[in-house]
Structure formats: C-alpha cells, structure tokens
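Reading through the structure tokens given below for one structure.
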Amino acid sequence: MWELTSHLHMKGGTFLEIIETGDGILLKNAEDFEPMHVFECGQCFRWHRQDDGSYRGVAMGRLLTVRKDSSSIMLQGATVQEFNSTWRKYFDLDRDYGQIKSRLAEDEVLKRAVEFGYGIRILNQDIWETLVSFIISANNRIPRIMRTVESLCACYGERRKASGAEYYSFPGPGTIASLSEDEVRSCGCGFRAPYIIDAARRVSGGEVDLDGIREMDTVHARKSLMELRGVGPKVADCVLLFSMHKYDAFPVDVWVKRVMEHFYIKEDAGLGRIQEYASEKFGNLAGFAQQYLFYYIRELFGRELSGSR
DNA sequence: TTGCAGGGGTCAA
DNA sequence: TTGACCCCTGCA
C-alpha cells in the first residue's frame with residue numbers, strides 16, 4: 001500500500017524521490033548504493049545479510065532493514081521523519097558518488113576497484129560506537145569483531161522492540177564505564193577490555209570530548225584520538241573516516257598496505273610512506289579511494305584467507 | 001581427536 | 001624493532 005508521495009531532493013543532477021510506504025521508505029533513483037558493497041566493505045559490524053539478500057542491522061539506536069530492488073532502495077522500518085533526521089545522513093545520501101568515482105577512475109587501478117565496488121558509500125556512524133568497534137578490531141577478524149560487538153550490545157545495551165522484533169542498542173560510555181574488566185572480557189573483547197573501559201571512563205567523565213574532536217582538523221583530531229589507549233594510527237583513521245567526515249583519512253591495514261605496495265609503490269613501504277603517497281595521489285578523496293581499494297583487494301584475494309580487518 | 005601455526009593492530013620493553 | 005596480547009580457523 002503506497003502512501004503519501006513525495007519529497008524531492010536534488011542529488012548530482014538527478015532527483016532522489018522519497019516515498020513513504022506502509023512499512024518504510026522507498027528511495028527511487030538512489031544511485032551508487034549497493035547494500036552488499038556498503039555493508040561488507042569493512043566499515044560497520046552490526047549489519048547482517050538475510051536469506052533474501054537484504055541487510056538488517058541496528059544503527060543510531062534503531063533497527064532497519066535495507067533491501068534493493070532494481071533501482072530502488074527500501075528502508076524497511078523507517079519513517080519520513082527518521083529518514084530526514086537520521087538515515088539520510090547515515091547513508092551519506094546528499095553526496096554525489098558518481099562524481100567521486102569518475103575522478104578516482106582516472107587512475108587505472110582505481111578504475112577497476114570502482115567498477116567492482118560501484119555501490120560503496122561511506123557511512124556516517126555514531127562516533128562512540130565506531131571508536132569501541134575499531135578498538136575491538138585491533139588484531140582481530142571481522143566475524144569475531146561482529147560477535148563481540150553483538151555480545152556487548154546484548155549484555156549491556158538497551159533492549160528495544162520495533163515491528164515485533166527485539167534488538168539491543170549499543171551501550172553508551174556511561175554504561176561501559178561502570179563495568180568491570182571481567183564483564184567486558186566475557187563478551188569476547190580479550191586484551192582490549194581495559195582499553196574499552198578506559199575510553200568509556202574518559203568519555204563519560206568529560207575528559208575526552210568526541211564531538212569536539214570531530215570539529216578539529218584531521219591532523220589534530222587524529223592526534224587526540226591516539227591519546228586513547230588501544231587507539232593507534234589505523235584505529236584512529238577508521239574513526240575519522242567512518243564517523244567524523246574526515247575523508248582525507250586513509251586507514252592502512254595489512255590489505256591496504258599490500259594493495260598500495262603491489263600496485264603503486266612497487267616495493268615494501270612503511271606506514272608513513274604509504275600515507276604520504278595516498279595523500280599526494282588521492283588528496284581529499286583518499287578515504288573514498290581506500291574503501292574501493294580495500295573492498296576490491298579483499299574480495300579478490302582475501303576473503304577465503306581470513307576476513308581480517 | 002588433538003594440537004599447533006598463523007593471522008592481525010597496539011603496547012611496552 | 002620485536003614479542004605478547006585473545007581467539008578463531010585451517011591443517012597436520
């Protein structure tokens with residue numbers, strides 16, 4: 001049953017049409033949006049593929065199912081109000097990815113990577129959740145990171161209901177600050193448990209202001225994040241890119257290191273050299289380039305090896 | 001069945 | 001620069 005049409009938004013020369021249906025929001029003409037690419041390019045850990053190919057997840061405290069049919073995207077469980085206040089920004093829908101891709105595709109390697117992961121979008125995720133998730137990601141693999149995050153939410157998140165389904169929010173810094181190391185460890189966090197508790201105490205106590213860090217330039221924001229225990233260059237760059245709109249951040253993990261050495265630098269290179277190279281070559285699109293490259297190299301060579309992040 | 005090697009960011013020595 | 005950290009997977 002279709003209801004109410006229609007909220008029109010300009011986006012890169014085409015109109016994104018937003019239609020409210022009985023059980024969600026339908027986005028027509030949503031270009032450059034492929035749920036599999038968005039949710040499986042390593043930027044998020046609470047989205048799960050369903051048997052019908054849709055993805056269901058909890059983000060920004062809400063349960064949502066995302067489904068793609070031909071050229072439309074269905075956001076099942078969302079209202080127009082939630083779309084405007086939350087999902088539009090979360091899915092970065094006001095950005096013209098077509099333009100970004102054509103600029104990146106001037107480079108031969110990225111041309112292939114962009115063709116492969118054509119529907120990637122960089123999500124604007126909650127900063128606290130992104131910080132904790134990527135502290136957990138250190139020395140870890142994606143399936144285990146997902147299990148650990150779910151376990152933290154199930155044990156210490158808030159239990160909520162939406163359209164008959166139960167789900168758990170991500171526990172806030174105040175909640176985690178009150179937990180013991182054993183309680184956090186028991187969720188599968190391992191040696192990262194003290195880092196997570198330390199971050200929770202400093203954030204909930206006001207010593208660290210995550211929103212304030214987001215307002216800094218990339219260099220200072222990165223430095224501030226790295227003052228947290230368990231946050232090195234890679235974790236800091238992921239937080240910058242996936243929750244703070246710092247699109248010049250270029251997270252370098254083993255896969256990105258491999259792809260940069262193999263295709264560009266042609267020899268072993270340290271982190272500093274790789275980031276310098278990326279910054280010169282991709283500039284303020286470095287973060288986008290990183291996502292296309294990561295998805296491309298991992299899907300081609302890595303998936304059966306590990307699933308690491 | 002068991003046990004061991006390997007993977008992966010950050011910290012501390 | 002290097003080993004330890006926690007846990008899972010793959011393979012003898």
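The structure presented is a predicted model; accordingly, all values stated were derived computationally and were not measured. Lettering of chains follows the sequences in order, A, B, ..., and the numbering in each one begins at 1. Any value given below was found using the heavy atoms of this structure, including those in side chains, with hydrogens, waters and symmetry copies removed.
Backbone-only engagement by A:L228 is indicated by non-hydrogen atom pairs under 4.0 Å involving sugar-phosphate atoms exclusively.
The nucleotide whose nearest atom lies closest to any side-chain atom of A:R141 is, among B:dT10, B:dG7, B:dC11, B:dG7.
In this structure, A:Y97 has its ring center no closer than 6.0 Å to that of A:F33. No close placement of the A:F83 and A:F91 rings is indicated, their centers lying 6.0 Å or farther apart.
Taking atom CG on A:D198 and atom P on B:dC11, their separation rounds to 11 Å, with Å as the unit. Rounded to whole Å, atom C1' of B:dC11 lies 13 Å from atom CZ of A:R192. The nearest whole Å value for the distance from the CD1 atom in A:I196 to the P atom in C:dC5 is 18 Å. Look at CD1 on A:I145: it is 14 Å from C1' on B:dT10, rounded to the nearest Å. Atom P of nucleotide B:dT10 and atom NZ of A:K234 are separated by 7 Å, given to the nearest angstrom. In this entry the distance linking CD of A:E181 with P of C:dC6 reads 9 Å, nearest Å. A:F191 places its CZ atom 10 Å from the C1' atom of C:dC7, with the value rounded to the nearest Å. Between the C1' atom of B:dT10 and the CD1 atom of A:I135 lies a distance of 11 Å, rounded to the nearest Å.
Taking hydrophobic clusters as Ile, Leu, Val, Met, Phe, Trp and Tyr residues chained together by side-chain heavy-atom distances below 4.5 Å, A:V66 does not share a cluster with A:Y167.
Judged by distance alone, with hydrogens and angles left aside, A:R144 brings a side-chain donor or acceptor within reach of the base of C:dC6, the pair sitting under 3.5 Å.
Dashed line: the shortest gap from a side-chain N or O of A:R229 to OP1 or OP2 of B:dC11 is not under 4.0 Å.
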Applying salt bridge (charged side-chain N to carboxylate O under 4.0 Å, His left out) to A:K111 and A:E115, what does each step give before you reach the verdict? CA-CA 6 Å; A:K111 183 166 183 287; A:E115 279 167 6; 3.4 Å; yes
